[in-house]
*Asks:* 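I'd like to ask some things about the structure below.
Here is how names work: the chains are called A, B, and so on, in the same order as the sequence lines, proteins then strands, and each is numbered from 1. Side chains included, hydrogens not; waters and symmetry mates left out as well; all remaining heavy atoms used.
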Amino acid sequence: MTNPSAAEFPETYEHTEVETRIAALWEDARLYDYDPHSPNPVYSIDTPPPYVSAAHLHVGHAMSYAQAEFVVRYRRMRGHSIFYPMGFDDNGLPTERFVERTYKINKHNVTRSEFRRICLEETAKGAKVYERIWRALGLSVDWRLRYSTIDPHSRKTAQKSFLDLHRKGLLYRTDEPVLWDTADETALAQADLDTLERKSKLLDIAFAGEDGSDLIISTTRPELIPACVGLFFHPKDERYAHLRGKHAKAPIFGQPVPILESEEVDPEFGTGLMMVCTFGDAEDVRKWREHKLETRLVLTRNGRLNELGGKYAGLQAPQARAAIIEELKTQGLVRGERAIEQVVSIAERSGQPIEFQMVPQWFIRVLDAKEKFLARSAQLEWHPPHMKTRLDQWIEGLRYDWNISRQRFYGVPFPVWYVEDTGEVILADEKDLPVDPTEDDPPAWAREKFAGKTIVPESDVMDTWMTSSLSPEINTNWAETPGRIGDPSMLPMSLRVQAFEIIRTWLFYTLVKSHYQRNDIPWKTVMISGWGLNEQGKKIAKRDLEASTDASGFNRYDPYSIIQRYGADALRYWAAGSRLGNDLRYNEKDVKSGRKFVVKLWNVGKLCATYGADFDPTKDIVPLAERPPEDRWLMSRLDHVVEHVTESFESYDYALGRDALEKFFWSVYCDNYLEIIKHRFWHPEAYDSQSTASAQSTLSESLRVMLSLIAPYLPFVTEEIYQRMFAAGEGAKSIHVTTWPLADSSRRDPEAEVSMQLVLQALEGWRFARSNAKLPARQAIERIVLDVPEEARPGLAAVDATLRSALRVQNVEFGEGELDTGHEGWKLSVALGAEPVT
RNA sequence: GGGCGAGUAGCUCAGUUGGUUAGAGCGCCUGCCUUACACGCAGGAAGUCGGGGGUUCGAGUCCCUCCUCGCCCACCA
């Protein structure tokens with residue numbers, strides 16, 4: 001209404017047409033480009049780089065990215081200079097597998113750089129798909145700030161990080177036993193483990209004592225008998241005291257096994273005699289270390305028995321187990337057998353039970369800095385606060401330093417060579433990064449210094465988290481890659497947004513890196529989102545996504561599909577429905593509700609434009625104090641909402657804001673205020689001369705404020721209405737770069753709120769009576785007689801015009817009434833008009 | 001076994017520091033195509049707030065205890 005050149009509002013809201021056009025408008029205006037020269041405070045966001053190659057994006061992902069974005073849009077309107085990058089993760093095993101499968105190649109017939117080239121091509125394709133969806137969803141990302149975890153900039157950053165930590169003495173290389181995945185044939189870190197409950201058999205098996213007596217141990221893993229290097233009993237266990245210093249003979253394999261004591265043996269478990277092998281579990285590793293036991297590794301890196309397994313050599317562990325049990329039984333050495341529930345550590349990716357192997361690995365020290373990490377955790381502002389506990393408990397429970405070596409082909413290489421005979425470490429020069437030691441030469445100084453010696457490259461690659469943990473540094477160009485936008489002075493970044501399941505990995509590792517590299521926190525605030533779940537409250541699986549396309553091609557879990565059918569605003573409306581940190585079930589009907597909200601808002605815009613066609617806010621505004629009570633009431637109520645929504649964004653609890661807005665918009669603004677003031681427009685002659693201009697002033701002001709409040713949630717429809725009604729008048733390119741409305745006490749009007757309570761009670765009573773009387777909508781009403789308590793009458797009489805406007809009748813009187821109003825002590829009667837309203 | 005979170009209408013969830021008769025959306029029932037909107041409007045039914053105990057003038061809200069569900073961690077002889 002404030003825009004004299006505002007185009008006519010089309011009858012219906014075509015979301016696809018509008019959203020496409022608005023997205024282009026933002027794009028043309030370069031609205032989301034980060035401006036390094038802006039005088040405004042920077043607000044920077046670190047969001048998860050999704051796996052591009054997997055292509056399994058579902059509504060749950062859309063939900064978490066949308067949630068981050070609500071906050072971003074709010075901050076932009078609060079006057080921050082927004083730095084909002086987007087990354088893609090194409091590092092790690094899933095990508096390796098994907099490329100091998102798709103291109104029918106493997107690491108034996110291509111070089112790393114060739115493999116990387118293919119991966120980057122795939123990334124570019126995948127990133128396009130993602131970018132299309134993210135843009136469609138309205139994410140206000142600066143796409144110039146894109147990174148991929150395998151691109152040269154990220155590789156350089158990861159390698160620089162390695163050099164930095166090495167220089168600081170925080171890295172070491174050792175061939176201690178490491179967690180090993182026999183399926184993927186690589187070492188893993190503690191954070192890569194999962195647990196599996198399964199049924200297992202606990203067998204009592206007889207070893208032979210020196211005097212020929214039976215020494216019974218209990219084990220679930222008889223295939224490790226050839227790796228047995230000790231039997232342990234508790235020092236106070238009298239039953240075995242006589243065995244002190246003696247040896248036992250292992251069944252079948254016959255090796256002599258020392259009998260030793262340890263406080264950690266539970267005399268109550270089994271026979272109280274414990275078999276220790278290299279290595280059945282973490283406990284075995286501990287005993288091996290403490291008691292300096294022999295090393296008899298019987299399992300190979302791919303999970304088979306080696307020559308120590310004698311005739312069972314070459315068998316996979318489970319087959320060997322079965323065969324060995326068979327032989328033990330034949331020899332009568334199995335003395336007991338019972339089924340037990342067992343919990344085993346498995347590799348998160350492959351699902352294989354974890355073994356231990358001795359392979360030289362690079363470790364980052366974390367165990368001796370737990371207290372420091374806990375202190376860093378306490379420096380962060382957590383939303384919701386209880387998520388901090390998850391990180392703290394993980395830190396407290398750490399048992400291993402961070403193993404960053406992976407025996408895989410694809411990933412970020414270590415910037416390291418070794419002198420073959422001495423094992424001396426040669427590090428790359430920082431100016432040469434990124435390097436691949438399997439293809440690049442070592443630095444010139446090293447070639448000179450070790451001339452004549454054989455120099456071998458490190459062939460392992462780094463743990464994928466070694467790179468991802470640097471997302472703040474990658475974003476802000478800590479490695480100083482020429483041409484990248486971003487500046488390390490932005491560190492710590494403002495906000496990290498992520499889901500809870502990667503607190504122990506992504507969040508923890510990022511904290512470690514920041515602490516070690518810059519002696520600082522990575523970001524000031526952490527926002528932990530929940531998951532978007534399916535209708536049954538379960539995680540949306542890849543197969544759910546794949547099996548959910550209907551005959552028309554609509555996939556009910558595919559964000560793009562949903563956006564096409566209901567619009568991005570509708571999907572975002574659903575995403576705004578969960579309290580931060582809580583999971584949110586996906587229901588199509590909630591997206592439909594979002595769609596209804598969008599359409600309702602559109603219709604309000606249309607109505608306001610119609611009623612305000614001849615209104616010029618530069619000269620027609622009626623001062624608030626001079627407007628009728630219903631106008632002052634509306635503005636007062638609106639001010640409460642402004643405060644509420646602002647608070648909800650400040651506490652990252654956008655869902656509370658959405659609720660408050662929706663209730664206000666729908667029931668206060670539409671169902672009451674708009675319905676009340678219509679009468680003023682229909683019968684201006686019945687009201688004072690300013691009443692139309694008052695309503696127009698209020699409509700204009702309140703709609704403008706509401707559009708701003710709703711803009712972070714529903715950026716498209718709010719922009720569309722803004723462009724039609726306010727943009728030209730305000731001279732702004734977009735509602736998203738206008739100023740956030742703040743609460744304004746001059747709008748508060750307790751007096752109007754009190755008088756409107758009476759009016760609304762009368763209105764409710766009238767609606768109740770009307771509904772009971774089943775009056776047709778077009779029934780003309782001559783007069784309404786209110787039969788209300790004496791004490792209410794002066795208040796109502798004082799706002800007579802408002803009352804008539806609300807009840808939509810020219811004559812309101814007090815007197816006797818017979819119709820029930822649903823309110824104690826309130827009745828009314830009504831004089832019907834002769835003719836129906838036309 | 002330790003920890004975190006949750007249990008409120010048929011379903012999904014709000015309910016700030018304890019304060020009248022516990023709310024919303026969806027669903028259900030009754031009317032209404034009323035000059036923005038039938039993707040709408042008006043009205044209605046529906047809850048012993050997981051169980052038990054306690055503090056208080058007053059408890060969905062605070063304390064104790066038990067039960068159920070989800071997640072994280074530990075448990076591998």
*Asks:* What is the distance, to the nearest angstrom, from the CZ atom on A:Phe597 to the P atom on B:G25?
*Replies:*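 The answer, rounded to whole Å, is 13 Å.
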*Asks:* State whether A:Lys678 places a side-chain N or O below 4.0 Å from either non-bridging phosphate oxygen (OP1 or OP2) of B:U35.
*Replies:*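 Negative; the distance criterion is not met.
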*Asks:* Within this structure, what is the CZ-to-C1' distance between A:Arg808 and B:U35, rounded to whole angstrom?
*Replies:*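 Rounding to the nearest Å, CZ of A:Arg808 and C1' of B:U35 are 10 Å apart.
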*Asks:* So A:His640 and A:Phe664, side chain to side chain contact (heavy atoms under 4.5 Å, CB included) or not? Walk me through it.
*Replies:* CA-CA 10 Å; A:His640 288 283; A:Phe664 173 80; over 6 Å; no
*Asks:* Is A:Lys539 near enough to B:C71 that one of its side-chain N or O atoms lies under 4.0 angstrom from OP1 or OP2?
*Replies:*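 A:Lys539 to B:C71 OP1/OP2: no side-chain N or O under 4.0 Å.
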*Asks:* Nearest to the A:Val344 side chain among B:C39, B:G43, B:C76, which nucleotide is it?
*Replies:*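 Looking only at heavy atoms from C-beta outward on A:Val344, the closest nucleotide is B:C76.
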*Asks:* For B:G5, what is the paired nucleotide under Watson-Crick or G-U wobble rules, both distances under 3.5 Å?
*Replies:*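 Pair assignment: B:G5 / B:C69.
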*Asks:* With a non-hydrogen cut-off below 4.0 angstrom, is A:Gln342 in contact with a base, only sugar-phosphate, or nothing?
*Replies:*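 If one applies the 4.0 Å heavy-atom cut-off, A:Gln342 turns out to touch the sugar-phosphate alone, with no base involved.
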*Asks:* Tell me: CG of A:Leu580 to C1' of B:C13, nearest whole Å?
*Replies:*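 So the two atoms are 16 Å apart, to the nearest Å.
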*Asks:* Between A:Phe500 and A:Asp284, name the one whose nearest nucleotide on RNA chain B is closer to the 5' end.
*Replies:*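 Final value for this comparison: A:Phe500.
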*Asks:* Side chain to side chain contact (heavy atoms under 4.5 Å, CB included) with A:Glu355: which of A:Val178, A:Leu179, A:Leu297, A:Thr182?
*Replies:*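 With A:Glu355 as partner, side chain to side chain contact (heavy atoms under 4.5 Å, CB included) holds for just one option, A:Thr182.
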*Asks:* Any side-chain N or O of A:Arg579 under 4.0 Å from OP1/OP2 of B:G15?
*Replies:*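 Yes.
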*Asks:* Counting only distance, no hydrogens or angles, is the base of B:C26 paired donor-acceptor with the side chain of A:Ser593 under 3.5 Å?
*Replies:*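 No, no donor-acceptor pair under 3.5 Å.
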*Asks:* Can you tell me, in whole Å, how much space there is between the C1' of B:C69 and that of B:G27?
*Replies:*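 About 24 Å, rounded to a whole number of Å.
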*Asks:* Would A:Arg286 and A:Glu283 pass as an ion pair if we require N to O under 4.0 Å?
*Replies:*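 Answer for the salt bridge query: yes.
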*Asks:* State whether A:Trp666 places a side-chain N or O below 4.0 Å from either non-bridging phosphate oxygen (OP1 or OP2) of B:C41.
*Replies:*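 So the side-chain polar atoms of A:Trp666 do come within 4.0 Å of the phosphate oxygens OP1 or OP2 of B:C41, strictly under.
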*Asks:* Tell me: CD of A:Gln761 to P of B:G43, nearest whole Å?
*Replies:*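 Roughly 13 Å, once rounded to whole Å.
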*Asks:* Suppose you measure atom C1' in B:G52 against the same atom in B:C67; what distance do you get, rounded to whole Å?
*Replies:*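 So the two C1' atoms sit 10 Å from each other.
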*Asks:* Paired with B:C62: which nucleotide, if any, by Watson-Crick or G-U wobble criteria at under 3.5 Å for both distances?
*Replies:*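 Its partner is B:G54 (Watson-Crick or G-U wobble, both distances under 3.5 Å).
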*Asks:* From the set B:C4, B:U12, B:A77, return the single nucleotide nearest to any side-chain atom of A:Arg585.
*Replies:*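 Out of B:C4, B:U12, B:A77, the nucleotide with an atom closest to A:Arg585's side chain is B:U12.
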*Asks:* Could you give the distance separating B:U8 and B:U61 at their P atoms, to the nearest angstrom?
*Replies:*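 Result for the P pair: 14 Å, nearest Å.
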*Asks:* Paired with B:C11 by Watson-Crick or G-U wobble geometry, both distances under 3.5 Å: which nucleotide is it?
*Replies:*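 Its partner is B:G25.
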*Asks:* Does the cation-pi check pass for A:Arg804 over A:Tyr687, that is, NZ or CZ under 6.0 Å from the six-membered ring centre and within 45° of its axis?
*Replies:*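 The answer is yes, since A:Arg804 meets both limits relative to A:Tyr687.
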*Asks:* For A:Phe253, which residues count as a ring pair (Phe, Tyr, Trp, His ring centres under 6.0 Å) partner, sequence neighbours excluded?
*Replies:*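 A:Phe253: no ring pair (Phe, Tyr, Trp, His ring centres under 6.0 Å) contacts found.
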*Asks:* Between B:C76, B:C4, B:G25, spot the one nearest the side chain of A:His386, thanks.
*Replies:*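 Minimum distance to the A:His386 side chain belongs to B:C4.
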*Asks:* Could you measure between the two P atoms, the one in B:A24 and the one in B:G44, and give it in whole Å?
*Replies:*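 Comparing P positions in B:A24 and B:G44 gives a spacing of 11 Å.
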*Asks:* Test for a donor-acceptor pair under 3.5 Å between the base of B:C26 and the side chain of A:Lys589, counting only N and O atoms.
*Replies:*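 No, no donor-acceptor pair under 3.5 Å.
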*Asks:* Across all strands, who's sitting opposite B:A36 as a Watson-Crick or G-U wobble pair, both distances under 3.5 Å?
*Replies:*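 Per the H-bond distance test, none.
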*Asks:* Kindly state whether the pair A:Phe768 / B:G43 counts as stacked, where counting means centroids closer than 5.5 Å and planes tilted less than 30° apart.
*Replies:*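 No.
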*Asks:* Check this one for me: any side-chain N or O of A:Tyr13 less than 4.0 Å away from OP1 or OP2 of B:C39?
*Replies:*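 False: A:Tyr13 side-chain N/O out of range (4.0 Å or more) of B:C39 OP1/OP2.
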*Asks:* Does A:Lys600 place a side-chain N or O at less than 4.0 Å from the phosphate oxygens OP1/OP2 of B:C41?
*Replies:*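 It does, given that an N or O in the side chain of A:Lys600 lies less than 4.0 Å from OP1 or OP2 of B:C41.
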*Asks:* Nearest to the side chain of A:Cys670 - B:A36, B:G3, B:A42?
*Replies:*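 That would be B:A36.
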*Asks:* Can you find a side chain N or O atom of A:Gln779 that sits less than 4.0 Å from OP1 or OP2 on B:C32?
*Replies:*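 Indeed not, no polar side-chain atom of A:Gln779 lies that close.
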*Asks:* Whole angstrom is fine here: how far is it from NZ in A:Lys774 over to P in B:G44?
*Replies:*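 That distance rounds to 12 Å.
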*Asks:* So A:Arg565 and A:Glu588, do their side chains get closer than 4.5 Å, heavy atoms only?
*Replies:*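 Sidechains of A:Arg565 and A:Glu588: in contact.
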*Asks:* How many Å lie between CG on A:Asn672 and P on B:A42, as a whole number?
*Replies:*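 These atoms are roughly 8 Å apart.
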*Asks:* Report the nucleotide, chosen from B:G2, B:A77, B:A24, that has the shortest atom-to-atom distance to any side-chain atom of A:Lys663.
*Replies:*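 Looking only at heavy atoms from C-beta outward on A:Lys663, the closest nucleotide is B:A24.
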*Asks:* Rounded to whole angstrom, note down the C1' distance from B:A46 over to B:A22.
*Replies:*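 Between the two C1' atoms, the distance is 13 Å.
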*Asks:* Determine, using ring centers only, whether A:Tyr240 and A:Phe232 are less than 6.0 Å apart.
*Replies:*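 When the ring centroids of A:Phe232 and A:Tyr240 are compared, they turn out to be at least 6.0 Å apart.
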*Asks:* Reading RNA chain B from 5' onward, which residue's closest nucleotide shows up sooner: A:Thr389 or A:Asp671?
*Replies:*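 Final value for this comparison: A:Thr389.
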*Asks:* Checking contacts here: which listed nucleotide (B:A14, B:A36, B:G25) is nearest the side-chain heavy atoms of A:Leu674?
*Replies:*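 Nearest listed nucleotide: B:A36.
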*Asks:* When you compare the ring of A:Trp394 with the six-membered ring of B:C72's base, are the centres less than 5.5 Å apart and the planes under 30° from each other?
*Replies:*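 Aromatic stack with B:C72 absent for A:Trp394.
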*Asks:* Among the candidates B:G2, B:C26, B:A14, find the nucleotide nearest to the side-chain atoms of A:Gln393.
*Replies:*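 The nucleotide sitting nearest to the side chain is B:G2.
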*Asks:* Counting heavy atoms from C-beta on, name the nucleotide in B:A74, B:C75, B:U35 closest to the side chain of A:Gln190.
*Replies:*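 Nearest to the side chain of A:Gln190 among the choices is B:A74.
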*Asks:* Which nucleotide wins on minimum distance to the side chain of A:Asn603, given the candidates B:A77, B:C37, B:G15?
*Replies:*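 The nucleotide sitting nearest to the side chain is B:C37.
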*Asks:* Validate the cation-pi geometry between A:Arg595 and A:Tyr573: distance from NZ or CZ to the six-membered ring centre under 6.0 Å, angle to the ring axis within 45°.
*Replies:*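 Because its charged atom misses either the 6.0 Å distance or the 45° angle limit, A:Arg595 does not stack over A:Tyr573.
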*Asks:* Are the side chains of A:Phe70 and A:Arg572 in contact, using a 4.5 Å heavy-atom criterion?
*Replies:*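 Yes, at least one pair of side-chain atoms sits under 4.5 Å.
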*Asks:* On the side chain of A:Glu675, is there an atom forming a donor-acceptor pair with the base of B:A36 - under 3.5 Å, no angle test?
*Replies:*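 Between B:A36 and A:Glu675, which were checked side chain against base, a qualifying N/O pair under 3.5 Å is present.
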*Asks:* What integer number of Å spans the C1' atoms of B:A6 and B:G15?
*Replies:*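 Roughly 15 Å separates the two C1' atoms.
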*Asks:* Let's test this: given Watson-Crick or G-U wobble pairing with both distances under 3.5 Å, identify the partner of B:A77.
*Replies:*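 Its partner: none found.
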*Asks:* When rounded to the nearest Å, what value does the distance between C1' atoms of B:G60 and B:U48 take?
*Replies:*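 The answer is 12 Å between these two C1' atoms.
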*Asks:* Regarding A:Thr610, tell me which of base, sugar-phosphate or nothing describes its non-hydrogen contacts under 4.0 Å with the strands shown.
*Replies:*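 Touches nothing.
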*Asks:* Should B:G47 form a Watson-Crick or G-U wobble pair with both distances under 3.5 Å, which nucleotide is its partner?
*Replies:*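 Its partner is none (no Watson-Crick or G-U wobble pair with both distances under 3.5 Å).
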*Asks:* Test A:Glu535 against A:Arg556 for salt bridge (charged side-chain N to carboxylate O under 4.0 Å, His left out), laying out the working first.
*Replies:* CA-CA 11 Å; A:Glu535 293 85 343; A:Arg556 71 178 200 283; 3.2 Å; yes
*Asks:* Can you tell me, in whole Å, how much space there is between the C1' of B:C41 and that of B:A36?
*Replies:*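 12 Å, rounded to whole Å.
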*Asks:* Could you state the CG-P distance from A:Leu533 to B:A6, rounded to the nearest angstrom?
*Replies:*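 Distance check: A:Leu533 CG to B:A6 P gives 16 Å.
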*Asks:* Between B:G43, B:C75, B:C72, which nucleotide gets closest to the side-chain atoms of A:Arg399?
*Replies:*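 Within the option list, the nearest is B:C75.
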*Asks:* How many whole angstroms separate atom CZ of A:Arg595 from atom P of B:G40?
*Replies:*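 Rounded to whole Å, this separation is 11 Å.
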